[in-house]
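Can you keep this structure in mind? I'll have questions shortly.
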Amino acid sequence: MIESTDSLTLALSKGRILEDTLPMLARMGVEPVEDPLVSRRLVFPTNHDNLRLLVIRATDVPTFVAHGAADVGIAGKDVLLEHGGAGLYEPLDLDIARCRLMVAGYPGALERAGNRPLRVATKYVETARAWFARQGRQVEVVKLYGSMELAPIVGLADVIVDLVDTGGTLKANGLEAFETIEHISSRLVVNKASMKMKHAGIDSLLQAFASARQAAA
Ligand code: ATP
Ligand code: PRP
């Protein structure tokens, strides 16, 4: 039950995360006016007068919340790492859309590159640079927006940094995972100013999410 006299805007990530988020919202008693999985709306009033939802691209959620366009958001840890998290609190792990951020490639690819800079294809440019810098390995990063697994196959990169869940996509393309950079799940993020100004409402929303997560466990 969400009790808020503050008006709250909650930014949801489209795609996989949305599919896991909607059952949580239902357990919390939050009903959007239309089904976000089929509607072309971007803003969804709900049965709670003081709560509206935005449905946006996963990678945009930290930006909307950090700028205060939304008070609260739901985003993958992968996206939050890449964003850097400035202006955001990350108070709750929702334990949905779980996967791992990994380095992968053809078997032996890391060794075959020898001492030359490793060519890395990824959507996660900053995270990949930081990971290889910590290992003292020089890299040339190629930014892609999807289908990272194709890069080693067509000679665009030696390795990829990408999300792995079942491992099915790697296997189907003859690739293997080498190392885990981070365990990923979706997190609740809160705008720092909203946390102060709308503390009671946000606290109530956090409690409701925490209960819905427990109910699913
Ligand atoms: P965008 O449109 O912003 O580029 P996308 O097309 O990658 O995002 P999705 O594939 O729905 O959108 O993934 C969004 C989020 O879901 C990721 O940031 C990650 O946190 C999680 N995710 C992605 N792939 C998987 C997976 N295979 N298993 C579990 N969670 C995943
Ligand atoms: C994600 C990720 C991998 C795949 C991993 O891709 O980028 O390609 O899922 O899942 P698996 O280990 O269970 O096979 P997505 O399906 O989102 O497509 P994308 O390449 O367009 O991002």
Side-chain angles (χ1 to χ4, degrees), residues 10-25 35-42 44 53-67 69-70 72-85 88 90-107 109 120-128 130-131 141-154 156-190 209 213 216-217:
L10 170 62
L12 305 181
S13 292
K14 269 202 285 204
R16 269 172 225 274
I17 296 178
L18 185 62
E19 287 172 27
D20 287 358
T21 303
L22 292 176
M24 280 193 116
L25 289 173
D35 181 356
L37 291 176
V38 293
S39 173
R40 293 292 300 166
R41 263 177 186 272
L42 300 171
F44 294 80
L53 313 176
L54 309 183
V55 177
I56 56 184
R57 282 190 71 164
T59 40
D60 288 335
V61 168
T63 308
F64 274 69
V65 178
H67 285 81
V72 181
I74 295 179
K77 184 66 183 174
D78 51 325
V79 166
L80 295 171
L81 283 171
E82 189 65 14
H83 172 267
L88 301 173
E90 192 190 307
L92 190 65
D93 183 348
L94 295 173
D95 208 22
I96 55 174
R98 286 161 59 95
C99 52
R100 282 173 296 166
L101 184 64
M102 302 192 79
V103 182
Y106 281 123
V120 182
T122 188
K123 182 154 86 170
Y124 305 99
V125 172
E126 299 305 326
T127 313
W131 170 258
V141 178
V142 180
K143 165 96 185 182
L144 294 178
Y145 292 87
S147 305
M148 263 71 79
E149 293 86 356
L150 199 51
I153 297 172
V154 297
L156 187 58
D158 301 303
V159 299
I160 61 173
V161 167
D162 194 14
L163 300 173
V164 180
D165 178 19
T166 61
T169 310
L170 289 181
K171 191 165 175 221
N173 291 289
L175 307 176
E176 71 177 32
F178 301 138
E179 43 201 7
T180 298
I181 297 179
E182 194 79 42
H183 288 268
I184 303 298
S185 56
S186 296
R187 313 295 166 94
L188 212 61
V189 288
V190 180
F209 268 110
R213 186 192 61 172

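Numbering of ligands and ligand atoms starts at 1, following listing order. Quantities reported herein were computed from a predicted structural model and do not represent experimental measurements. The figures that follow rest on heavy atoms only: side chains count, while hydrogens, waters and symmetry mates do not.
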Problem set entry | Backbone N/O of Leu175 and side chain of Asn173: donor-acceptor pair under 3.5 Å | no
For this session: Determine, step by step, whether Tyr124 and Leu81 satisfy the side chain to side chain contact (heavy atoms under 4.5 Å, CB included) criterion, reporting the C-alpha distance in whole Å, the side-chain angles of both residues, the deciding distance to 0.1 Å, and the verdict.
Result: CA-CA 9 Å; Tyr124 305 99; Leu81 283 171; over 6 Å; no
Exercise. Is Arg213 reaching over with its side chain to a backbone N or O of Asp93, donor-acceptor style, under 3.5 angstrom?
Worked result: yes
Exercise. For the atom pair OG (Ser13) and CD1 (Ile56), what is the distance rounded to the nearest 0.5 Å?
Worked result: 7.0 Å
Exercise. Can Arg41 and Val55 be said to form a side chain to side chain contact (heavy atoms under 4.5 Å, CB included), step by step?
Worked result: CA-CA 8 Å; Arg41 263 177 186 272; Val55 177; over 6 Å; no
For this session: Could you tell me which non-hydrogen atom of Glu82 sits nearest to which non-hydrogen atom of Glu126, and how far apart they are?
Result: OE2-N, 2.8 Å
For this session: Run through ligand 1 for me and note each protein residue having a heavy atom under 4.0 Å from it, chain first, then residue number.
Result: Gly15, Arg16, Ile17, Arg57, Ala58, Thr59, Gly76, Asp78, Val79, Ala97, Arg98, Cys99, Lys123, Leu163, Asp165, Ile184
Problem set entry | CZ on Arg187 to CZ on Phe209, rounded to 0.5 Å | 14.5 Å
Exercise. Which heavy-atom pair separates Asp158 from Ala109 by the least distance, and what is that distance?
Worked result: O-CB, 3.6 Å
For this session: Give the intermediate values and the outcome of side chain to side chain contact (heavy atoms under 4.5 Å, CB included) for residues Leu170 and Glu149.
Result: CA-CA 7 Å; Leu170 289 181; Glu149 293 86 356; 4.1 Å; yes
Seminar exercise, completed: Distance filter under 4.0 Å, heavy atoms only, around ligand 2 gives Arg16, Gly146, Ser147, Glu149, Asp162, Leu163, Val164, Asp165, Thr166, Gly167, Gly168, Thr169
